[in-house]
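Here is the structure we will look at, set down as structure tokens.
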Amino acid sequence: MTGVVVDPNGNPVEGATVREDRTGLSVTTGPDGRFSIPGVRADQGENTIAADALIGGEFFSGASTPTSPVADGTTDVGVITLSLGVMAE
């Protein structure tokens with residue numbers, strides 16, 4: 001699963017923690033806000049990706065919309081926009 005994490009102004013967020021909901025696999029975003037979580041199984045239904053980061057000493061979080069994985073391919077969950085003070089589950 002791939003995607004990009006941005007702040008409320010649309011700027012990429014480097015160093016955000018990104019987690020896949022079913023497996024708990026997590027990665028950190030790169031300088032361009034992009035992430036890739038390999039090995040997410042396509043046979044277990046929709047997945048949600050949660051992201052959070054400290055920006056300027058404040059907690060931001062957000063989540064993707066539920067997305068069905070692409071069998072034998074890469075699933076792009078799109079842009080996850082973080083919001084101030086909202087805890088992702």
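All of these numbers come straight from a predicted model, not from anything done at the bench.
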Subject >> Separation of Thr81 OG1 from Asp7 CG (nearest 0.5 Å) >> reply: 8.5 Å
Between [X] and [Y], which heavy-atom pair has the shortest distance, and what is it?
{"X": "Ala53", "Y": "Leu82", "answer": "CB-CD1, 4.0 Å"}
{"X": "Asn47", "Y": "Glu20", "answer": "OD1-OE2, 2.7 Å"}
{"X": "Asp52", "Y": "Arg19", "answer": "OD2-NH1, 3.0 Å"}
{"X": "Val13", "Y": "Ala16", "answer": "CG1-CB, 3.9 Å"}
{"X": "Gly62", "Y": "Ile80", "answer": "C-CG2, 3.8 Å"}

Subject >> same_hphob_cluster(Phe60, Val77) at 4.5 Å side-chain heavy-atom cutoff >> reply: yes
Subject >> Verify same cluster id: Val5, Val79 (apolar side-chain graph, 4.5 Å) >> reply: no
Answer yes or no: is there a donor N or O on one side and an acceptor on the other, between the side chain of [X] and the main chain of [Y], under 3.5 Å?
{"X": "Asp21", "Y": "Ile49", "result": "no"}
{"X": "Thr48", "Y": "Glu46", "result": "no"}
{"X": "Thr75", "Y": "Val70", "result": "yes"}
{"X": "Asp76", "Y": "Gly78", "result": "yes"}

Original post:
What residue pairs, at least two apart or across chains, pass side-chain hydrogen bond (donor to acceptor under 3.5 Å, both in side chains) with a residue in residues 24-39?
Top reply: none
